[in-house]
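Keep in mind it's a predicted model, so treat the numbers as computed, not measured. A, B, ... follow the sequence lines: proteins, then strands. Residue 1 opens every chain.
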Amino acid sequence: MKIATWNVNSLRVRLPHVLDWLSQEQPDILAVQETKTQDADFPANVFADNGYHALFSGQKTYNGVAVFSRNPGSERLTDPDNLDDPQRRILAASYDRFRIINLYVPNGSEVGSEKFAYKMDWLAKISEFIRRELERYPHTIVLGDFNIAPEDADVYDPALWRDKILCSPSERAAFQSLLKAGLHDAFRLFEQPESSFSWWDYRAAGFRRNLGLRIDHILISSALKPYCTACRIDKAPRKLEKPSDHTPVLIELDLK
DNA sequence: ATGGTGGGTAGCCCA
């Protein structure tokens with residue numbers, strides 16, 4: 001079983017890349033972020049034609065999340081009880097053997113800014129929500145664009161990024177607090193190449209020079225951890241013409 | 001040199 005996450009930075013623009021990737025990789029689940037597509041315009045029929053069910057929670061211009069899956073999902077949730085937020089950043093749903101929680105964590109702009117305060121508040125509330133979900137659904141995968149590089153090893157130049165947005169101690173503490181709820185960073189369960197990143201700035205030829213950060217993650221619950229057999233970053237889509245600035249991260253689960 | 005590029009959308013916001 002293959003499960004992936006990808007910030008596509010506009011589903012409309014990236015539709016050919018997403019369809020090609022689904023056809024090549026044949027994942028069971030693909031969670032995407034930054035669809036920038038309101039629900040009325042979501043191209044669900046295109047995915048149905050390609051053998052994928054789609055759940056989505058979108059808005060105009062900004063944000064938006066969706067989950068594509070071979071089998072239909074159920075118990076869709078977009079608005080946790082403790083989070084009153086018009087921004088479409090979360091989509092949870094249950095599949096045959098596990099629950100998926102797809103997150104588009106706020107970027108936060110700059111440490112200390114109003115958007116940073118929103119990010120930290122959002123993270124605290126989502127962390128509490130995830131704690132409750134884990135109690136109800138022990139087999140859970142939390143994945144998405146976390147907009148947090150958890151460790152210096154996840155940053156091309158840790159000195160340059162020290163205390164900066166995506167790398168600040170409070171963001172990293174929020175990430176650790178998520179793990180403490182009973183989740184594991186699948187990427188770090190396996191040996192990985194050095195300088196592995198999931199996002200590269202469009203500016204300053206970031207990808208060509210591998211000036212990236214690992215901010216897209218797949219966290220698996222303790223109950224699922226024994227069944228996770230691999231986790232990797234697929235850099236191929238980032239090499240295409242007009243790519244997203246993020247590239248897919250995926251895990252393999254051997255649930256027997 | 002607080003730059004640079006890209007998406008959505010119509011003069012900017014957001015990443």
Side-chain angles (χ1 to χ4, degrees), chain A residues 5-21 30-44 46 56-66 83 85-91 102-123 126 143-150 154-168 170-172 174-175 197-217 233 235-249:
Chain A
T5 180
W6 190 6
N7 179 322
V8 296
N9 187 19
S10 169
L11 184 60
R12 185 182 63 80
V13 172
R14 230 62 67 194
L15 194 56
H17 289 187
V18 174
L19 293 173
D20 285 350
W21 195 79
L30 170 62
V32 297
Q33 305 84 34
E34 280 204 270
T35 58
K36 300 183 178 179
T37 305
Q38 49 194 342
D39 292 352
D41 300 331
F42 198 92
V46 176
F56 39 90
S57 177
Q59 66 183 88
K60 212 173 136 144
T61 311
Y62 304 118
N63 310 313
V65 285
L83 184 74
D85 186 3
Q87 300 193 30
R88 301 293 82 194
R89 297 180 174 277
I90 176 162
L91 178 50
N102 180 19
L103 301 180
Y104 175 44
V105 177
N107 172 281
S109 186
E110 264 183 79
V111 175
S113 67
E114 207 167 294
K115 284 179 192 155
F116 183 74
Y118 165 68
K119 177 180 195 173
M120 297 311 299
D121 180 63
W122 193 94
L123 281 165
I126 287 304
L143 75 179
D145 177 358
F146 287 70
N147 270 315
I148 301 173
D154 303 313
V155 183
Y156 70 92
D157 185 344
L160 179 67
W161 281 79
R162 188 163 313 284
D163 298 338
K164 297 280 196 326
I165 196 67
L166 315 181
C167 299
S168 72
S170 41
E171 290 164 271
R172 286 178 170 177
F175 187 83
F197 309 124
S198 65
W199 168 83
W200 300 260
D201 201 308
Y202 284 124
R203 297 163 287 190
F207 183 67
R208 184 176 57 73
R209 301 155 69 199
N210 199 28
L211 309 181
L213 272 66
R214 190 176 71 93
I215 56 176
D216 301 272
H217 307 297
I233 293 171
K235 287 173 81 170
R238 190 63 175 80
K239 300 172 182 168
L240 301 171
E241 286 293 313
K242 297 283 270 175
S244 167
D245 44 352
H246 298 248
T247 210
V249 181

Hey, does the side chain of R14(A) come within less than 4.0 Å of dG7(B)'s phosphate (OP1/OP2), counting only N and O? yes
Whole angstrom is fine here: how far is it from CG in L240(A) over to P in dG6(B)? 14 Å
Does K242(A) place a side-chain N or O at less than 4.0 Å from the phosphate oxygens OP1/OP2 of dT5(B)? no
Any donor-acceptor pair under 3.5 Å linking the side chain of R172(A) with the backbone of I148(A)? no
Rounded to whole Å, the CZ-C1' distance (R89(A) to dC14(B)) equals 10 Å
For a quick test of reading the model: is some side-chain N or O of R12(A) closer than 4.0 Å to OP1 or OP2 of dG8(B)? yes
Please report the distance, rounded to the nearest Å, between CD in E241(A) and P in dT5(B). 16 Å
CZ of R203(A) versus C1' of dT5(B): gap in Å, rounded? 7 Å
Rounded to whole Å, the CZ-C1' distance (R88(A) to dC14(B)) equals 18 Å
Between dG3(B) and dA15(B), how far apart are the two C1' atoms, rounded to whole Å? 16 Å
Using side-chain heavy atoms (C-beta onward) and a distance below 4.5 Å, is Y156(A) in contact with R209(A)? no
Could you tell me whether a side-chain N or O of K239(A) sits under 3.5 Å from a main-chain N or O of K235(A), the two making a donor and an acceptor? no
Whole-Å C1' distance, dA1(B) and dC12(B): 24 Å
Atom-pair distance (CG on L211(A); C1' on dA15(B)), nearest Å: 17 Å
If we take the P atom in both dC14(B) and dT9(B), what is their distance in whole Å? 14 Å
Between C1' on dC13(B) and CD on Q87(A), what's the gap in Å once rounded to a whole number? 12 Å
For the side chain of E34(A), counting heavy atoms from C-beta on, which of dG8(B), dG6(B), dA15(B) is nearest? dA15(B)
Between Y62(A) and L11(A), whichever has its closest DNA chain B nucleotide further toward 5' is L11(A)
Nearest whole angstrom, please: distance from the P of dG7(B) to the CD of Q59(A). 19 Å
Spacing of S170(A) atom OG and M120(A) atom CE [to the nearest 0.5 Å]: 4.5 Å
Which residue, D201(A) or K60(A), contacts DNA chain B at a nucleotide closer to its 5' end, judged by nearest heavy atom? D201(A)
Quick check for you: to the nearest 0.5 Å, what is the distance between R88(A) atom CZ and T35(A) atom OG1? 11.0 Å
Given dT9(B), dG7(B), dA15(B), identify the nucleotide with an atom nearest to the side chain of T61(A). dT9(B)
Students often get this wrong, so: under 4.0 angstrom with heavy atoms, is F207(A) touching a base, only sugar-phosphate, or nothing? nothing
